[in-house]
Amino acid sequence: MAPSVVWPPTEGPCRSDLDADGAIGMADLLLLLSDFGAICDSESPEPIEWPDIRFSELHYNPSSDQGNDSDFEFLELANLDTLAVNLAGWSISEGIDFTFPEDSWLSAGAYAVLTTAPGAYAGLGYPVFDWGGGGLNNSGELLALRAPDGHVVEYVEYSDHSPWDSAPDGQGPSLERLFVYGPAHAAGSWSASIGMGGTPGNVNSLWID
């Protein structure tokens, strides 16, 4: 079952600190705008038990030794469910805007790679999807994983400075998820991969749980 998160996040030192990072910034504004116009019912419906899909790796600023950012940037999702999942209707929002097309199957325990350069990762035994124009911000940005009903399953606002590991910012490694059952938005859940370019489509080099 996919994790349950509060969206926009409401815990924090003040009402407007929607992402609970201790400061009111652009991320808080983006979180608010992402749900602008939504109708809030007084009675919350029973949550749908979506398959367990999660963020697992970000390669937001490849080293110049690897090549241009646009040729090697990627975002990876992991299917932690025990069954294959059709990702049709699932989406990534905020920093990029991508919705999985029909028949986007991901096997149990497998990984899907999203990139603007599918040719760099295609044919290596894992599904690859082209998210279209734009790229991942080298200094960090907010990314949200949404189920087909628009519900935010989890979110991450990565950064290239402390408390986030800065090695993935152009030094070669990717940003890998360490604790897949920990909160995706926590810097402590992520670290630089062991090797250059990360582990697209494969288990993370520093996977702990």
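Nearest heavy-atom pair, Glu73 versus Leu136, reported as atom, atom and distance to 0.1 Å: OE1-N, 2.8 Å. Closest approach of Gly182 and Arg177 over heavy atoms only: O-NH2, 2.9 Å. When every heavy atom of Pro200 is checked against every heavy atom of Asn202, the shortest pair comes out as O-ND2, 3.0 Å. Nearest heavy atoms, Asn137 versus Glu141: N-OE2, 2.9 Å. Scanning all heavy atoms of the two residues, the minimum distance from Ala167 to Ala192 falls at CB-CB, 3.8 Å. Here the shortest heavy-atom pairing between Ala120 and Asp71 reads CB-O, 3.3 Å.
For the atom pair CG (Asp160) and CG (Asp169), the distance works out to 4.5 Å, reported to the nearest 0.5 Å. To the nearest 0.5 angstrom, Glu57 atom CD is 11.0 Å from Leu77 atom CG.
Side-chain contact between Ser63 and Met196 is present, with at least one heavy-atom pair separated by less than 4.5 Å. Counting heavy atoms from C-beta outward, Tyr181 and Asp52 have side chains that approach closer than 4.5 Å. Using a 4.5 Å heavy-atom cutoff, the side chains of Tyr158 and Trp190 are not in contact. Using a 4.5 Å heavy-atom cutoff, the side chains of His185 and Glu157 are not in contact. Looking only at side-chain heavy atoms (C-beta outward), Ile194 and Leu206 come within less than 4.5 Å of each other. Side-chain contact check for Ser189 versus Leu178: every heavy-atom pair is 4.5 Å or farther apart.
Ser174 places no side-chain N or O within 3.5 Å of a backbone atom of Ser193 that could act as its donor or acceptor partner. With hydrogens and angles ignored, the 3.5 Å screen pairs a side-chain donor or acceptor of Asn79 with a backbone N or O of Leu83. Remark: the backbone N or O of Ser56 is paired with a side-chain donor or acceptor of Asn204 at under 3.5 angstrom. No donor-acceptor pair under 3.5 Å is formed between the side chain of Ser162 and the backbone N or O of Trp164.
If you check the side chains of Glu176 and Ser205, you find a donor sitting under 3.5 Å from an acceptor. Between Ser93 and Arg146, the side chains place a donor N or O and an acceptor N or O closer than 3.5 Å (distance only, hydrogens not considered). Checking Asn138 against Asp69 by side-chain atom types alone, a donor-acceptor pair falls below 3.5 Å. Between the side chains of Asn68 and Ser70, no donor-acceptor pair is found at a separation under 3.5 Å.
Under a hydrophobic-cluster definition in which Ile, Leu, Val, Met, Phe, Trp and Tyr are linked whenever side-chain heavy atoms come within less than 4.5 Å, directly or via other members, Leu145 and Val128 are assigned to different clusters. At a threshold of 4.5 Å between side-chain heavy atoms, the hydrophobic network of Ile, Leu, Val, Met, Phe, Trp and Tyr places Leu124 and Tyr111 in two separate groups. In the hydrophobic clustering of ILVMFWY residues, with side-chain heavy atoms under 4.5 Å counting as a link, Leu80 and Tyr126 come out apart. A single hydrophobic cluster is seen to contain both Leu87 and Leu143, as judged by linkage of ILVMFWY side chains at heavy-atom distances under 4.5 Å, directly or through other members. When the side chains of ILVMFWY residues are joined at heavy-atom separations under 4.5 Å, either directly or via intervening members, Tyr121 and Ile92 end up in two distinct hydrophobic clusters.
Partners of Asp97 under the side-chain contact (heavy atoms from CB on, under 4.5 Å) rule, at least two apart in sequence or in another chain, do not exist in this structure. Partners of Ser159 by side chain to side chain donor-acceptor pair (under 3.5 Å), not counting sequence neighbours, listed by chain and number: His161.
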Test log, rule side-chain contact (heavy atoms from CB on, under 4.5 Å), inputs Glu76 and Phe74: CA-CA 7 Å; Glu76 183 189 77; Phe74 71 83; 4.2 Å; yes
Residues Thr115, Phe72; criterion side-chain contact (heavy atoms from CB on, under 4.5 Å); working and verdict: CA-CA 8 Å; Thr115 176; Phe72 292 97; over 6 Å; no
Trp131 vs Thr116, side-chain contact (heavy atoms from CB on, under 4.5 Å): CA-CA, chis, key distance, verdict: CA-CA 6 Å; Trp131 75 54; Thr116 57; 3.0 Å; yes
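Ring pair Phe100/Phe129 is perpendicular by interplanar angle, where above 60° counts as perpendicular and below 30° as parallel. Ring pair Trp90/Trp50 is perpendicular by interplanar angle, where above 60° counts as perpendicular and below 30° as parallel.
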